[in-house]
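Values below: every heavy atom of this structure, side chains too, minus hydrogens, waters and symmetry copies. All values derive from a computational prediction rather than experimental measurement. Ligands are counted one by one from 1 in listed order, and the atoms in each one are counted from 1 as well.
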Amino acid sequence: MQDPSPVSASIDADEIKSASTLLKAGQLVGFPTETVYGLGCDAGNAEALARLYRVKGRPGEHPVIVHLSSVDQLKDWAETVPEQALLLAEKFWPGPMTLILRKSDKVLPAVTGGQDTVGLRIPSHPVALALLKEFNSGVAAPSANRHGKISPTTAEHVKSELGDFVAKVLDGGQCSVGIESTIIDLSGDTPRILRPGMITLEEIESVLKDAQKSEQKDNGNGSSVAPRAPGTLSSHYAPSTGMKLFSHRNLPRAIATAENLMMHVSVMAFSDPVECPAVITWKQLSEDPAECARQLYATMRELDGSGADYIIVEEPPELPEWMGILDRLRRAANG
Ligand code: TXA
Ligand code: MG
């Protein structure tokens, strides 16, 4: 996949230093990555991690991804670094990929959610890389949104949702990828995709022939067992307004139904806008998956605030390059 560098990312060395100092002091810092904005803290500081979980409203057994600036640092966090990890790193890092490896002894339970694996990622956003280099250790960072809500793709999203609870938010412009990283589990016998993203199964297979889609069954929010990758729970990434998905064919009928029910809807679709009293806002999505991913979360946020009774979404095609987007839409519709 293409990972265009963000348009408006300027790096202010003083800002980076100050953000790194805050992280060293156990504070939380919002920062841009190419996928979505992260809510960062020192991955080696248990108190900072506890604060991070509180601010996010995240259940304790959910693991967080540790962000690094170089492949050399993998050995500090992983028990062993398999050859497959190095091959994938060579091809996709820095970039929108997270690897799940068996954890080293030093990794705190709050990072792993008590599991024996750790999620690791080297992001490509220049501001993220500058911060990680300056900090020179692992930064734990979930997406900088409240648990289960829409991930932020601008600094404004982070400030409006979590601004009162973080010491600083670094502004790196709009995220260039727009949905969260592809997560690949290398801790078992066969590489498995735990969360699809803009790096596709086909691209991963070009490096690892035996990679598979996850066959993991959703074990639901109420499960007492720590889920392997809780971001893959069926209800996630959700706007507060209900969202319903329809195929291209069923879209006109969905709008007619809203009109018959005297409901107001907002629409996110690939098709051209339809004039209809039931429709408050119609947002047309790009038919290019990379561009669509970039627009997706900001559009969902906008429609969430449009006052609609519910949001109608036209489903993208079931093609490899749409899998990450389709996955997020289906989870959001389950919210
Ligand atoms: O693109 C991204 O990955 C963004 C940016 C900020 O890097 N981060 C992100 O973090 O999406 P978060 O916490 O919202 O989602 C992380 C996902 C969760 O589904 C979590 O369960 C999974 O990664 N994860 C983290 N560590 C794991 C582990 N050891 N085993 C299985 N899944 C893990
Ligand atoms: Mg998240």
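The closest donor-acceptor contact from the side chain of Asp42 to the backbone of Lys24 lies at 3.5 Å or more, if one exists at all. Checking side-chain atoms of Glu321 against main-chain N and O of Thr200 turns up no donor-acceptor pair under 3.5 Å.
For ligand 1, the atoms lying closer than 4.0 Å to a non-hydrogen atom of His67 are 5 (C), 6 (C), 7 (O). Counting the atoms of ligand 1 from 1 in the order shown, those under 4.0 Å from a heavy atom of Val118 are 29 (N). Taking a cut-off of under 4.0 Å to the non-hydrogen atoms of Ile183, the atoms of ligand 1 that pass are 17 (C), 22 (C), 23 (O). Heavy-atom contacts of Ser181 reach the following atoms of ligand 1: 1 (O), 2 (C), 3 (O) (cutoff under 4.0 Å). Near Thr35, with a cut-off below 4.0 Å to any heavy atom, the atoms of ligand 1 are 1 (O), 2 (C), 4 (C), 5 (C). Each of the atoms 2 (C), 3 (O), 9 (C), 11 (O), 15 (O), 16 (C), 17 (C) of ligand 1 lies under 4.0 Å from some heavy atom of Arg195.
Distances shorter than 4.0 angstrom occur between a heavy atom of Ile65 and an atom of ligand 1.
Grouping Ile, Leu, Val, Met, Phe, Trp and Tyr by side-chain contacts under 4.5 Å, direct or through others, puts Met323 with Leu326.
With salt bridges taken as basic N to acidic carboxylate O contacts below 4.0 Å, one links Glu34 and Arg121.
Contacts of His62 with ligand 1, taken as heavy-atom pairs under 4.0 Å, are absent altogether. Only the side chain of Ile100 comes within 4.0 Å of ligand 1, counting heavy atoms alone; its backbone N, CA, C and O stay farther away. With a heavy-atom cut-off of 4.0 Å, Arg58 touches ligand 1 through its side chain alone.
In terms of polar-atom proximity, defined here as any N/O pair under 3.5 Å, Lys56 makes no such contact with ligand 1. Some N or O of Thr117 is nearer than 3.5 Å to an N or O of ligand 1, by distance alone. Ligand 1 has an N or O atom lying under 3.5 Å from an N or O atom of Ser143, backbone or side chain. For the pair Glu180 and ligand 1, the shortest N or O to N or O distance does not fall below 3.5 Å.
Within the set Gly30, Ala141, Ser187, the minimum heavy-atom distance to atom 8 (N) of ligand 1 is found for Ala141.
Atom CZ of Arg328 is separated from atom CD of Glu180 by 4.5 Å, given to the nearest 0.5 angstrom.
When only modelled atom types and interatomic distance are considered, Asp185 and Ser187 share a side-chain donor-acceptor pair under 3.5 Å.
The ring pair (Phe, Tyr, Trp, His ring centres under 6.0 Å) analysis of residues 272-324, with sequence neighbours excluded, yields the pairs Phe270-Trp322.
Using a 4.5 Å cut-off on side-chain heavy atoms (C-beta onward), Thr98 and Ile184 make no contact. With contacts defined as side-chain heavy-atom distances shorter than 4.5 Å, the pair Leu39/Leu52 qualifies. Between Trp77 and Lys106 there is a side-chain heavy-atom pair separated by less than 4.5 Å.
The Mg ion (ligand 2) has Ser143 among its coordinating residues (N/O/S atom, backbone or side chain, under 2.8 Å).
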